[in-house]
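In what follows, a structure is listed as structure tokens, so that the remarks can point back to it.
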Amino acid sequence: MAEEKSRPLPKGGPGNRGGGRPAEKPVNMGKTVMRVLSYMKSFKIFLVLVVFFIVMSALAGVIGTAFLKKITDDYLEPMVKFKDRSLIGPFKETLIYMGIVYLCGAISTYLYQRIMMKVSTSTLCKIRVELFEKMESLPIRFFDTHTHGEIMSRYTNDVDALREMLSNAFANFISQGITIVSIFIMMCVYSWQLTLIVIAMLFVILRVTGFIAGRSGKFFMRQQKAIGEINGYIEEMIEGTRVVKVFCHEDEANEEFSVLNENLCHVATNANTFANILGPVSNNLNYILYAIIAIAGGLLANNGTLTVGTIIAFLTYTRNFSMPIAHITQQFNSVLTALAGAERIFSIIDEEPEQDEGYVTLVPAIRNEKGELCEATERTGLWAWKHPHQSTGEITYTQVRGQVEFDDVYFGYVPEKTVLNGITLYAKPGQKIAFVGSTGAGKTTITNLINRFYDVPDGKIRYDGININKIKKSDLRRSMSMVLQDTHLFTGTVMDNIRFGKLDATEEEIIAAAKLANADSFIKHLPHGYNTMLTGDGGNLSQGQRQLLAIARAAVADPPVLILDEATSSIDTRTEALIEKGMDSLMEGRTVFVIAHRLSTVRNSNAIMVLEYGKIIERGDHDELIAQKGKYYQLYTGMFELS
């Protein structure tokens, strides 16, 4: 739109395209964890079952290993030494019990993983719904200062990292924690001497793996941020492909992408290098521990302090004791990444929604026997502003007529730069008001303020005599239609896209609106007419056809106020002439605000406002302004060109 240059840009350059806080690390890990868990409150019963099956699975592993001591000392050793065949029966029976224990553990593992997958996907579903609902409630300012790709990264990379944590890490931490405690108790029971050796060696292992994991975690969190940045840039380049090609900007785009890509490559390489060496280093240290325990156990067995079965069981416990610790260390990186992603998700959820203190609402109206307006229970074609007066409690009804008044309005997208300087104008119902002027003069900003996309800090805007700050934003916008220079069509049929202007519009109303916009003819020539599917923002239509659909979408809404922001900029002069009559019919009885560079489209306006540097420097109809021989005269005669 014309005023985009006046809006605040995302902070930083290519290295911070999102404009928000970099996701270097979770600022408050405990708070973030508790907040994630709060989404799982409705699954308390499932979580209790998960913990139960995790305990069963962990204990099965510990108890199953304890059978090794009994099998070795009570059966294998006597059968080998003394050839005692009578022990074969009890030996087989013990093996069966051991197998049952491990089978119960395997079933428990399957059940808790299956339940946890259900809980995690349902939790993420709730988070995505809340994230999308919050996004829909955010003000336009938020989207002006964040790239689409960076926002999309919250739905993809960050949610996916959170999914990994909820589905795997959460259950694994509990399982491995129980396993570590259980095994430690059994190790202390079997041999306190060997347990001291394990603790001393584990201190070394944790110091080494902790250092590696810390370095890896730092780079993994930088990787999340870099992915968001590169997604934002790619999304921008895809949307602007035509512009890039027209201006031969491919080399520069490649260079900027290379900077972002190399940054991602650098942090991803470091992250995965440390992550990949963590496993081998941890495993080799565990092998060293295993060897030390085997030697020490052999010496103790030689002295008669320990039995062979005890050593075998202890060695198995040693392996099972160190592996969960290594897994927890390795998963800590993914947990940090997920929590950093969760904070990025919550940063949007915690954004202040669009504030709306309005209490005047739009209602269908009908006149009673006295000719007074009153609220109707169904649509009548007559609309009124329902105005409850807070001081007296009285409710009054004002007919919606489309009278708009600006009274000494000042506005800037950022405090240090004012875009509008003391704008005063008056649009009577049914009038066509045109704005002309150079890019950045404030034309589109005026229409943004009428819709309350931004609120006015100084001055007042009145709609039918009511300060628009008192009107609920949804009702205010429902009383208007906009046709923008940049047309956006949604995935769906042609009819669905036109119906977007009025969701309960009948097929006849939609066809009538299309005829009014002169779109009916080309729609009928589409493969499936009004049922033709549009995808990729209507990529299978010409720009002019897309704009005609946008005009039809505005027409079907049948509003009292119509805003046309370069609405015919993509339509050739012949097509423009064809729809002029339809547009005149559409504008009849409505207050219309027109922004146009093509001055031929504003000649029949009731009033033309010439803006320069946020001020109205000339106003009047076409003939009056031509007679003044000022800026408009220069623009119209070609002595001065719009830029």
Side-chain angles (χ1 to χ4, degrees), residues 9-33 35-36 124 127 131 145-166 168-169 207-237 253-282 327-351:
L9 296 175
K11 296 178 182 178
N16 187 16
R17 303 190 69 84
R21 175 185 56 79
E24 287 294 324
K25 60 182 180 179
V27 175
N28 192 327
M29 187 183 301
K31 183 179 178 181
T32 304
V33 170
R35 186 163 180 181
V36 171
L124 290 176
I127 291 175
L131 179 62
T145 54
H146 292 75
T147 66
H148 298 169
E150 199 271 340
I151 296 173
M152 279 300 303
S153 182
R154 313 292 173 100
Y155 286 93
T156 53
N157 300 312
D158 294 332
V159 170
D160 190 59
L162 192 56
R163 177 198 60 77
E164 181 67 23
M165 184 187 79
L166 291 178
N168 293 321
R207 292 280 292 181
V208 174
T209 56
F211 171 78
I212 298 173
R215 298 284 292 174
S216 176
K218 180 178 68 174
F219 285 110
F220 265 116
M221 285 178 279
R222 290 183 182 176
Q223 176 182 283
Q224 284 297 104
K225 178 195 168 192
I227 290 173
E229 292 169 352
I230 203 168
N231 282 347
Y233 185 74
I234 291 171
E235 188 268 343
E236 284 182 351
M237 291 301 104
N254 285 334
E255 287 176 10
E256 189 169 358
F257 177 79
S258 295
V259 171
L260 295 173
N261 197 32
E262 286 172 9
N263 176 54
L264 175 58
C265 181
H266 171 70
V267 295
T269 299
N270 285 322
N272 288 285
T273 296
F274 284 109
N276 289 338
I277 66 173
L278 180 60
V281 168
S282 177
H327 288 159
I328 289 175
T329 305
Q330 291 172 358
Q331 287 183 337
F332 197 64
N333 290 333
S334 63
V335 170
L336 289 178
T337 302
L339 292 178
E343 285 193 347
R344 282 160 52 85
I345 293 170
F346 295 145
S347 70
I348 291 186
I349 293 177
D350 293 338
E351 281 283 341

Find the distance between [atom1] ([X]) and [atom2] ([Y]) and round it off to the nearest 0.5 Å.
X    : Y    : atom1 : atom2 : answer
L166 : I127 : CG    : CD1   : 6.5 Å
Y233 : N261 : OH    : CG    : 11.0 Å
Y155 : L131 : OH    : CG    : 4.0 Å
E343 : T32  : CD    : OG1   : 3.5 Å
R222 : E229 : CZ    : CD    : 12.0 Å
L339 : D158 : CG    : CG    : 11.5 Å

Quick check: closest heavy atoms across [X] and [Y], and the distance to 0.1 Å?
X    : Y    : value
R154 : R344 : NH1-O, 2.6 Å
V36  : M165 : CG1-CE, 4.3 Å
L124 : R163 : CD1-CB, 3.0 Å
A161 : A338 : O-CB, 3.2 Å

Steps toward side-chain contact (heavy atoms from CB on, under 4.5 Å) verdict (I349, R35): CA-CA 12 Å; I349 293 177; R35 186 163 180 181; 3.6 Å; yes
Residue among V267, T269, N270 satisfying side-chain contact (heavy atoms from CB on, under 4.5 Å) with Q223: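 Testing Q223 for a side-chain contact (heavy atoms from CB on, under 4.5 Å) against V267, T269, N270 leaves exactly one candidate, V267.
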Results of side chain to side chain contact (heavy atoms under 4.5 Å, CB included) for I234 - residues two or more places apart only: I230, I238, F257
